[in-house]
S.K.: 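Handing you this structure, nothing more for now.
Naming convention: chains lettered A, B, ... in sequence-line order (proteins, then strands); numbering from 1 in each chain.
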2 protein chains.
Amino acid sequence: MAAVTLQRHLLLCNATLVLLLHLCSGLSLDTVRDFLTREEDAIVFSLIERARYPANAPAYGPAAAGDLGRLHGASFAEMFVRESEAVQAKAGRYQSLQEIPFFPFRVPFTLAPPYNFTAELHAAAASVNVNGAIWSTYFSQLLPLLAKNGDDGNYAATVASDLVCLQALSRRINYGRYVAEVKFIGDQQNYTTLIRKKDKDALMKLLTSEAQEDVVKRRVQKKAMVFGQNVTLDGPVETGNSNSSQTSFKVDPSLVYKLYDKWVIPLTKQVEVEYLLHRLD
Amino acid sequence: MAAVTLQRHLLLCNATLVLLLHLCSGLSLDTVRDFLTREEDAIVFSLIERARYPANAPAYGPAAAGDLGRLHGASFAEMFVRESEAVQAKAGRYQSLQEIPFFPFRVPFTLAPPYNFTAELHAAAASVNVNGAIWSTYFSQLLPLLAKNGDDGNYAATVASDLVCLQALSRRINYGRYVAEVKFIGDQQNYTTLIRKKDKDALMKLLTSEAQEDVVKRRVQKKAMVFGQNVTLDGPVETGNSNSSQTSFKVDPSLVYKLYDKWVIPLTKQVEVEYLLHRLD
């Protein structure tokens, strides 16, 4: 019994310390929600910008031969993302844990001015991510629904806009680590029990709020209507309310709803569960 | 007299040929206006995304030492843009004349699938651009008004969003070449006379439509209101009409008006005049 009491006492001390750390770093359910809500705008903007270009199929075929023998079979898009991420890694983008590359590099940060980022995540779980799933979902499922048929030759500009979409989706979905951290701190005892049992289903149930998910899905659909309309000086403005959907939009609002319903929210929750499973390591 | 008649006849033949070429390539006052209008959305989105980050002053100071001796004195932002543009050049971005790099490179297009772009511009004038002015205006005048004070350490993400702004502004402003080409074709005799005289002032006057400029400035301000609002599921939606400006916006709409009034429109017209001066070379 004494051992159990001591263990509980230590757990409580630990929880208080973590809570203090979070108060200092500013991580709370409010800041986490604000981040996710703001990221919705970035995602909708990036999809609208990608939809300017047609499918541009050659950009997703094999890259032209050249000095790339090492990566035989990589697509043009993959080569572009790899080379762009190498520049961004060199510039220190991934020093912030909020950003995770699709193709990790080990490069010295020769270009980046120094900065001390606050450690808001549990170190052993901080690198959890689903970038592999985001990558394949984006190219095989989302893009065919997003881009119109056609080929205008703007392959580099097209895949540059793919990269902006991928980065926004990755930042949003892998932010599930921060969401999980805040939820863990808010209900440490229940989460600890389930993590010890490695009970994925019960963890998923505990962190799910269907009412909140419904709000998010309907809000991103509305954002697609508001941000994706053709704004004219004198014409009416689409407000995204149910009785005003005669307008044509740059990206189908129901596709953005679907993106969140089928992919963004489930993948975020997958990140949350994976993070929690390593939260006590 | 016979010589003058012959010259006029040749001019007319030439005009007809050029007109046919343009009808084939799809360049018209309508397509040009559509492009510029669509580019407004891209510019407003990019400004909103840049405004997520604070000023992040260290990103604009000298780059850290390293393997960069050759470019002693270049800022971190400049190094980032140079390296990113090198990747994009390698990927063939600048094969399209619509895209002009800030730091031109001569690289083989090892990665780019081949594509035959239509030649819509007069070759001798096609490379006219004001990227130098766009670069200095962006960093010294626009950015201090756009970004809030502060330093969050996200230097690479910040300058990546600067690059998106710069590319959108460059594409829009240097599109003045296409605008000038269409105007030239539509009024070839008057433009030819003024180009031969190298009469910049008269050319500027001929291509200026203040009424149209006023529409553009008020429309981009409205777009900043519509795209830069916080969209909530149940709250009212800002329509950008005069009597509804209690909302707070992610980018000050009057700054976007000013951007177009002071910089975008004047620089575009500068490109138009420069292009026309080389239109008969």
Side-chain angles (χ1 to χ4, degrees), chain A residues 37-38 41-42 45 48-49 52 58-59 61 63-64 66-68 76 79-80 83-84 86-88 90-96 98-99 108-117 151 153-157 159-160 164 215 218-219 222-223 226-227 229-233 236-237 239-241 250, chain B residues 37-38 41-42 45 48-49 52 58-59 61 63-64 66-68 76 79-80 83-84 86-88 90-96 98-99 108-117 151 153-157 159-160 164 215 218-219 222-223 226-227 229-233 236-237 239-241 250:
Chain A
T37 306
R38 178 61 187 79
D41 298 33
F45 293 160
I48 290 172
E49 287 302 287
R52 284 183 86 168
D67 54 353
L68 311 167
F76 173 79
M79 288 307 308
F80 181 84
E83 299 225 357
S84 300
V87 172
Q88 304 217 358
K90 195 169 159 190
R93 185 179 188 114
Y94 310 108
Q95 286 183 294
S96 160
Q98 285 184 15
E99 305 273 354
F109 303 128
T110 48
L111 292 175
Y115 186 84
N116 282 326
F117 286 95
D151 181 352
N154 289 307
Y155 308 128
V159 293
V164 175
V215 167
R218 288 190 294 128
R219 187 172 58 216
K222 183 170 175 179
K223 286 182 177 181
V226 174
F227 301 152
Q229 65 186 302
N230 293 307
V231 173
T232 56
L233 205 47
V237 170
T239 60
N241 296 324
K250 298 191 186 79
Chain B
T37 306
R38 179 60 187 82
D41 297 34
F45 293 159
I48 290 172
E49 287 303 287
R52 285 184 85 168
D67 54 353
L68 311 167
F76 173 79
M79 287 308 307
F80 181 83
E83 300 225 357
S84 300
V87 172
Q88 303 216 358
K90 195 169 158 189
R93 184 179 189 113
Y94 310 108
Q95 285 183 292
S96 161
Q98 285 184 16
E99 305 273 354
F109 302 128
T110 47
L111 293 175
Y115 187 84
N116 282 327
F117 286 95
D151 182 350
N154 289 308
Y155 309 129
V159 294
V164 176
V215 168
R218 288 190 295 128
R219 187 172 57 216
K222 183 170 174 178
K223 286 182 176 181
V226 174
F227 301 152
Q229 66 185 303
N230 292 307
V231 172
T232 56
L233 205 47
V237 170
T239 60
N241 297 324
K250 298 192 186 77

S.K.: Give the minimum heavy-atom separation between A:Glu83 and B:Val87, together with the two atoms involved.
M.R.: CB-CG1, 3.7 Å

S.K.: For the residue pair A:Ala156 and B:Gly92, what are the closest heavy atoms and their distance?
M.R.: CB-C, 4.2 Å

S.K.: Testing the basics here: between B:Val237 and A:Thr239, what is the closest heavy-atom pair and its distance to 0.1 Å?
M.R.: CG2-O, 3.2 Å

S.K.: Pick whichever of B:Ser96, B:Pro236, B:Ala157 has the most heavy-atom pairs under 4.5 Å with chain A.
M.R.: B:Ala157

S.K.: If you look at every heavy atom in B:Thr232 and A:Arg219, which pair is closest and at what distance?
M.R.: CA-CD, 4.4 Å

S.K.: How are the rings of A:Phe227 and B:Phe227 set relative to one another: parallel (under 30°), tilted (30 to 60°) or perpendicular (over 60°)?
M.R.: perpendicular

S.K.: For chain A, which of B:Arg218, B:Gln229, B:Arg52 has the most heavy-atom pairs under 4.5 Å?
M.R.: B:Arg52

S.K.: So which part of B:Glu99 gets closer than 4.5 Å to some heavy atom of chain A, the side chain, the backbone, both or neither?
M.R.: side chain

S.K.: Given a strict heavy-atom distance threshold of 4.5 Å, which part of B:Ala160 is in contact with chain A: side chain, backbone, both, or neither?
M.R.: side chain

S.K.: Can you list everything that forms a side-chain hydrogen bond (donor to acceptor under 3.5 Å, both in side chains) with A:Asp41? Sequence neighbours excluded, please.
M.R.: A:Lys223, B:Lys250

S.K.: Which heavy atom of B:Ala91 sits nearest to which heavy atom of A:Phe76, and what is that distance?
M.R.: O-CZ, 3.5 Å

S.K.: Quick check on B:Asp151 against chain A: is it the side chain, the backbone, both or neither that has a heavy atom closer than 4.5 Å?
M.R.: both

S.K.: Can you sort out the partners of A:Phe80 under ring-ring contact (aromatic ring centres under 6.0 Å, His included), two or more places apart, ordered by chain and number?
M.R.: none

S.K.: Taking all heavy atoms of B:Leu233 and all of A:Lys222, pick out the closest pair and write down the distance.
M.R.: O-NZ, 3.1 Å

S.K.: Among B:Asn230, B:Asn154, B:Val159, B:Val164, who wins on heavy-atom pairs under 4.5 Å with chain A?
M.R.: B:Asn154

